[in-house]
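Within every chain, numbering begins at 1; the chains are lettered A, B, ... in the order of the sequence lines, protein sequences first and strands thereafter. Nothing here was measured: the structure is a model prediction, and the numbers come from that model.
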2 protein chains.
Amino acid sequence: MAHFFVCHGRDEIPRWRMAFPESSWVGPTQALEQVGRGDLAWVMSNLDGWETLVRDLVNRGAVLVVLSYTPDPAEASLALNAGARGYAHALSPAVLLRQVALVTSNQGIWVLPELLSSVVGGTFKALGGRARMHGETLAALTERERTVALAVAEGKSNKVVARELDITERTVKAHLGAIFRKLGIRDRMQLVLRLSQQEVGIADHSH
Amino acid sequence: MAHFFVCHGRDEIPRWRMAFPESSWVGPTQALEQVGRGDLAWVMSNLDGWETLVRDLVNRGAVLVVLSYTPDPAEASLALNAGARGYAHALSPAVLLRQVALVTSNQGIWVLPELLSSVVGGTFKALGGRARMHGETLAALTERERTVALAVAEGKSNKVVARELDITERTVKAHLGAIFRKLGIRDRMQLVLRLSQQEVGIADHSH
DNA sequence: ATTGATATTGGACCGATGGACAGGGCCTGG
DNA sequence: CCAGGCCCTGTCCATCGGTCCAATATCAAT
């Protein structure tokens, strides 16, 4: 995973290099050529068309962080809506930049703490607090059954699960039987789909 | 920095302990007594009044992550608005939980990739969106194999797929064999996991 | 003490699954 | 023309998965 700082030539900031000695420094055009899947790109918000650039790089699978000399909530929203995973001050200390890299490269979102409330709060009223159901997908299962269900849902075979839990394969089947019955499903496939939150055509089942 | 899992007594999930062996297990009332500044608290969304609990704990300086059996965007909104820094599936694998802990304890926000788009804005689907993921793994397959793979990944049996595509069950098996070989997986379970989620240890395989 | 839920195991049965081996036709690039 | 990819089909077979028939032991509640 390579690091790219995308900015005007004049804007190279020493502490960036301090934070990531291995990183590359490129302009917008080189960025489009060099940045690829899994790379981490830091894009300055003083570039013309930085939003488009961010979208493009995000679309090709890069992790994007937008850096700004003048952070503000509106710009943060633009950055996040463009697909960026982070928004920070361009002059953040090296240690903070590393923290941002850590967070964003682990599926996290990082925005300046001061801006957090406005960014997060703003996007929420659009959703509207609707009813969320307390589906008892797994809640209806016993402890043991949950354990088995989870193991199976990771793709493990009955035999493997049996070894792991130090029980007989036969017992695993018994638990699975109970699981299927309680959840109203037929096989482990449905279980996986259920646990990965896909809506599965629920079987009618008449027993 | 201590770890606390706040849930019903019945809901203790083995992989939580697997992820954080040192963590404590408490009910809502004990949580209010024991959780303090800098602690990381995981709160189940099936608790009565979890939102209030989250607000209280956040106010005293704790880092909060909400876990749900049935994640959905609306609930994610509630969680983040209550001050939580993370929102994940209660049955997330241990490695993912550690990732969430890493991100949230570093000022980051962590939300289920699938929900990211609805939480943050419009364009986040470019990242964790299902379409992209699919395109990635399915790119190596032929048209027909893709069709079969998707059908199987919906939980359909070979027989059903055969009927739908108007081919022999044998042919479905043949396609599946090619799919498994190309993707380096062993069975349909791995296929479902590959197509429906991200993590999951995939077998290496050398072809 | 009886009942109920939970966890465990046994055997047997049979359909579903996946691999091995072996073909058929079709089409495209060399 | 031929090699190679794609799509289709066949048989054989070992294994896996799910369900039916059980049974035993623990533990909590009635």
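- Here A:Glu154 contributes atom CD and A:Glu164 contributes atom CD; the two are 8.0 Å apart, rounded to the nearest 0.5 Å.
- For A:Thr171 and C:dT9, the shortest distance from a side-chain N or O to OP1 or OP2 is below 4.0 Å.
- Taking atom NZ of B:Lys159 as the reference point, atom P of C:dC14 lies 15 Å away to the nearest angstrom.
- B:Lys173 has its NZ atom 16 Å from the P atom of C:dC21, to the nearest Å.
- Residues from residues 162-170 of chain B that place a heavy atom under 4.0 Å from any atom of DNA chain D, listed by number: B:Ile167, B:Thr168, B:Arg170.
- Nearest-nucleotide assignment on DNA chain D puts the 5′-proximal partner with B:Ala174, out of A:Arg188 and B:Ala174.
- Remark: P of C:dG19 and CD1 of B:Ile185 are 10 Å apart, rounded to the nearest angstrom.
- Rounded to whole Å, atom C1' of C:dA5 lies 13 Å from atom NE2 of A:His175.
- OP1 or OP2 of C:dA5 has not a single side-chain nitrogen or oxygen of A:Thr142 nearer than 4.0 Å.
- Distance, B:Arg181 CZ to C:dC21 C1': 15 Å, rounded to whole Å.
- A salt bridge is absent between A:Glu169 and A:Arg163: the closest approach of a Lys/Arg side-chain nitrogen to an acidic carboxylate oxygen does not fall below 4.0 angstrom.
- Taking both residues in full, the closest heavy atoms of A:Leu141 and A:Arg146 are given as O-NH1, 3.2 Å, listed atom of the first, atom of the second, then distance.
- With A:Val161 as the fixed residue, the side chain to side chain contact (heavy atoms under 4.5 Å, CB included) test singles out one of A:Thr147, A:Val172, A:Thr171: A:Val172.
- A:Ala178 comes within contact range of no nucleotide atom at all, as no heavy-atom separation falls under 4.0 Å.
- For the pair B:Glu143 and B:Asp187, nearest-nucleotide mapping onto DNA chain D gives the more 5' position to B:Glu143.
- The CG atom of B:Leu40 sits 8.0 Å away from the CZ atom of B:Phe5 when rounded to the nearest 0.5 Å.
- Summarising the geometry, the separation between CZ on A:Arg144 and C1' on D:dA25 is reported as 15 Å, rounded to the nearest angstrom.
- One interatomic measurement links the two molecules: CZ of A:Arg146 to C1' of C:dA7, which rounds to 15 Å at whole-angstrom precision.
- Between the CH2 atom in B:Trp42 and the NE2 atom in B:His3 there is a gap of 7.0 Å [rounded to 0.5 Å].
- Protein atom CG of A:Leu191 is 19 Å distant from nucleotide atom P of D:dC16, rounded to whole Å.
- For the residue pair A:Arg170 and A:Asn158, no side-chain donor N or O sits within less than 3.5 Å of a side-chain acceptor on the partner.
- Considering only side-chain N and O atoms, B:Asn158 lies nowhere under 4.0 angstrom from the phosphate OP1 or OP2 of C:dA16.
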